[in-house]
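Protein chains get the first letters and strands the later ones, always in sequence-line order, with residue 1 at the start of each.
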There are 2 protein chains.
Amino acid sequence: MKRITIREVSEKAGVSTAAVSYVLNGRIGKVSQETVDKVRKAVDELGYIPDFSARSLAGNRSKLIGVVIPQTEDRKQLLLQNPFYSELVCGIEARLRQSGYHMILSGVDKGEGYLDTSMQRNLDGAIIMGIYQESFYEDLKKVRLPIVLIDSYIHDSYFHVVGVDDELGGYLATKHLIDNGHTAVALVTGSIRKDGVMEKRFLGYKRALKEAGLFYNPDYVFEDSVSYEYGQEAGRVIAEKHPDITAVFAVSDMVALGVISGLAEAGRHVPDDVSVIGFDDISVARMCHPPLTTIRQDIVGRGSMAAERLLQAITDSEESLPQEPTVMPLTLVQRDTVRRLTPE
Amino acid sequence: MKRITIREVSEKAGVSTAAVSYVLNGRIGKVSQETVDKVRKAVDELGYIPDFSARSLAGNRSKLIGVVIPQTEDRKQLLLQNPFYSELVCGIEARLRQSGYHMILSGVDKGEGYLDTSMQRNLDGAIIMGIYQESFYEDLKKVRLPIVLIDSYIHDSYFHVVGVDDELGGYLATKHLIDNGHTAVALVTGSIRKDGVMEKRFLGYKRALKEAGLFYNPDYVFEDSVSYEYGQEAGRVIAEKHPDITAVFAVSDMVALGVISGLAEAGRHVPDDVSVIGFDDISVARMCHPPLTTIRQDIVGRGSMAAERLLQAITDSEESLPQEPTVMPLTLVQRDTVRRLTPE
DNA sequence: TTACGCATTTAAAGCGATTTCAATCCTAAT
DNA sequence: ATTAGGATTGAAATCGCTTTAAATGCGTAA
């Protein structure tokens with residue numbers, strides 16, 4: 001299909017290309033109403049579709065947002081299979097599309113920074129999920145791009161952050177178990193890195209324990225990776241080596257599902273024998289059996305909020321300092337995997 | 001960060017910008033080895049990063065692929081929450097990145113075609129999932145873009161297709177139930193449109209029935225939407241109104257999970273009371289309880305195959321007529337939701 | 001009538017590549 | 001020594017749009 005250019009539009013409308021550009025970009029005040037009408041008419045009649053490459057080249061605005069997702073351990077595939085990320089992406093895409101932006105979804109290759117991509121594509125901004133090495137963020141800053149971080153506790157006012165209060169979540173989850181009479185509650189978590197999401201939840205876990213006057217037993221925390229498989233493994237170990245444990249707080253729903261499966265393999269059933277609480281409330285949480293009790297966050301909402309904030313930052317760019325992190329709410333949703341422990 | 005242009009590289013290397021462009025694009029044969037070396041050196045030292053907008057404008061190649069995902073009923077969100085699509089995307093992204101392409105992931109707005117996006121962004125190709133109105137495809141053809149269709153049986157040799165033999169899948173699933181002694185097997189499916197995926201599976205279902213000398217009972221097919229929720233509803237109805245049904249073939253794993261849940265709600269358990277078989281083998285299929293017996297397709301593989309074929313089509317473009325559809329293999333994976341029916 | 005100021009409009013200069021095509025350089029053949 | 005012919009090179013045109021800066025038109029004050 002032949003491309004209609006701004007020049008053809010300008011000729012048809014009987015004005016200059018500059019005028020057309022002004023109208024197209026809503027630079028009202030620069031042109032008379034009469035011109036606006038003529039141009040609009042010509043655009044419609046010709047079926048003009050702007051070329052964003054040219055626009056990006058000339059104007060330095062691409063209407064493209066980079067969205068980075070973490071990858072599987074083997075670094076071959078996106079972690080999009082994890083519903084947490086796919087739901088985030090849903091939220092992001094919907095909001096971006098609404099404003100005429102497009103999203104380039106990708107992972108980042110081992111070692112490679114994201115700098116290349118962002119410069120090649122003249123990105124207008126980026127949303128980064130997952131946690132990376134220091135140098136990755138340094139690169140990002142060099143490009144002077146508005147950036148929103150999701151699940152990161154990086155201390156750097158350059159970045160916008162849209163998160164949840166993970167410490168509170170950990171606390172809420174653990175407290176719920178304790179409130180149900182459990183005193184031996186395990187934590188199954190991904191690796192606890194300083195200032196990471198996992199650490200915060202871990203801190204919440206300990207706070208709840210302490211508040212209830214419970215002893216914090218390091219043997220009760222199972223730390224490795226946040227995956228279904230590890231949850232399963234932890235579940236088996238708990239069933240076999242720790243019959244005293246009656247409740248477990250799994251740091252994500254995926255892990256919780258694994259724990260339940262591992263437990264079941266070893267003959268211990270949820271919630272009859274052991275109570276389990278998850279985190280996130282991904283959509284399968286209410287589809288599985290038994291439906292999972294969990295700490296709910298509105299993941300899709302968090303995604304659109306991230307997009308929202310990014311768009312905000314892009315428009316009133318002019319180096320306005322990022323405000324405080326946006327903190328999305330967390331709520332406990334009770335389903336069927338936690339049962340009151342009645343003293344025998 | 002200041003942008004280094006091809007001009008600066010050319011100055012540093014002491015050659016023309018044309019030479020630099022040749023080297024950058026691997027047009028060897030156009031330049032001497034000496035020039036190549038000089039340019040490479042300058043590129044490295046300067047840390048040159050090409051501007052794809054400019055490249056796209058001048059050369060008509062953007063290295064951008066459009067990937068379209070269907071949306072939820074309310075048309076507000078991507079159907080990315082459906083593991084089938086997210087796994088496809090994983091496969092696609094991995095393959096594209098490997099060749100230096102990026103992917104613009106989006107849904108398409110009600111009514112709006114995809115024509116705008118593809119022209120605006122100078123896409124090099126597109127991968128379309130889901131089924132749309134005729135006009136959507138017509139638009140696509142106008143742009144003369146290489147296009148790969150996933151889950152579509154459109155009769156049009158313009159499009160490349162990467163699919164599976166859905167009829168066979170339906171047959172295999174149904175036959176497996178019959179082989180296990182079931183004679184009253186229901187089908188729970190999305191709406192059966194002519195030449196759609198659902199119709200093929202339906203056809204396979206009927207073939208298996210016929211082959212086994214079984215009567216095809218329209219009351220046994222539950223047709224609405226392919227979603228967990230509908231599965232659940234169908235499960236309830238089966239439990240309450242059709243106690244004679246002992247097995248169900250659900251047209252996707254998501255639906256199967258719903259059926260199991262609906263059945264359970266009404267007190268009928270899988271596989272003790274009813275056998276269920278799904279389709280796809282999404283990752284949760286083996287994580288849920290009981291693990292789902294299903295017809296497996298390598299979804300991620302299908303995604304990368306789609307990308308592969310698209311890249312192929314892009315390189316040897318020159319209007320080479322699309323070959324036959326690529327048909328990916330299907331296998332039955334037996335897990336715990338199908339049980340042999342022993343005559344009482 | 002002339003001049004001035006403001007609102008519009010437009011010609012033209014980029015933006016950073018690719019690509020055409022004429023110019024230049026070699027090498028080998030006459 | 002000349003010259004034909006192939007291999008390299010590089011100046012300049014282009015791609016489609018934004019934006020600057022200069023030009024134009026028009027109403028009003030001097």
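- Side-chain nitrogen and oxygen atoms of B/S21 include at least one within less than 4.0 Å of the OP1 or OP2 phosphate oxygen of C/dT18.
- When heavy atoms are screened at a 4.0 angstrom cut-off, A/A18 is found touching base atoms of the nucleic acid.
- B/E34 has its CD atom 11 Å from the P atom of D/dT8, to the nearest Å.
- Aromatic ring pairs are classed by plane angle as parallel below 30°, tilted from 30° to 60° and perpendicular above 60°; the pair B/Y114 and B/F136 is tilted.
- Between A/K142 and A/D139 there is a salt bridge, with a side-chain nitrogen of the basic residue lying less than 4.0 Å from a carboxylate oxygen of the acidic one.
- Using a 4.0 Å heavy-atom distance criterion, B/V15 is classed as a sugar-phosphate-only contact.
- The 12-atom threshold is not exceeded at CZ of B/R7, counting heavy atoms of other residues, nucleotides or ligands nearer than 6.0 Å.
- An OP1 or OP2 oxygen of C/dT19 is reached within less than 4.0 angstrom by a side-chain nitrogen or oxygen of B/R27.
- Following rounding to the nearest Å, B/I49 (CD1) and C/dA17 (C1') show an atom-to-atom distance of 15 Å.
- For the residue pair A/E93 and B/G107, the shortest heavy atom distance occurs at OE2-N, 3.1 Å.
- Taking atom NZ of residue A/K30 and atom P of nucleotide D/dA21, one finds them 11 Å apart after rounding to whole Å.
- The heavy-atom pair separating B/I299 from B/F84 by the smallest distance is CG2-O, 3.4 Å.
- Contact check, A/Y22 against C/dA7: no side-chain N or O comes under 4.0 Å of OP1 or OP2.
- Backbone-only engagement by A/T35 is indicated by non-hydrogen atom pairs under 4.0 Å involving sugar-phosphate atoms exclusively.
- The CD1 atom of A/I4 sits 10 Å away from the P atom of D/dC17 (whole-angstrom rounding).
- Summarising the geometry, the separation between CD1 on A/I28 and C1' on C/dT8 is reported as 15 Å, rounded to the nearest angstrom.
- Using a 4.0 Å heavy-atom cutoff across all strands shown, A/F52 reaches no nucleic acid atom at all.
- Residue A/S16 places at least one side-chain N or O under 4.0 Å from the OP1 or OP2 atom of C/dT10.
- OP1 or OP2 of C/dT18 sits under 4.0 Å from a side-chain N or O of B/N25.
- Between A/R3 and the phosphate of D/dC15, there is no side-chain N or O to OP1/OP2 separation shorter than 4.0 Å.
- In this structure, B/G14 and A/L24 both approach DNA chain D, and ranking their closest nucleotides by distance from the 5' end singles out B/G14.
- Between C/dT19 and B/R61, a contact under 4.0 Å exists linking OP1 or OP2 to a side-chain N or O.
- Between the CZ atom of A/R55 and the P atom of C/dA17 there is a distance of 21 Å, given to the nearest Å.
- Using a 4.0 Å cut-off, some side-chain N or O of B/S32 falls inside it from OP1 or OP2 of D/dT9.
- Remark: C1' of C/dA11 and CD1 of A/I6 are 14 Å apart, rounded to the nearest angstrom.
- Atom P of nucleotide C/dG16 and atom CG of B/D51 are separated by 7 Å, given to the nearest angstrom.
- Contact check for A/H160 versus A/L310: no side-chain heavy atoms found under the 4.5 Å cut-off.
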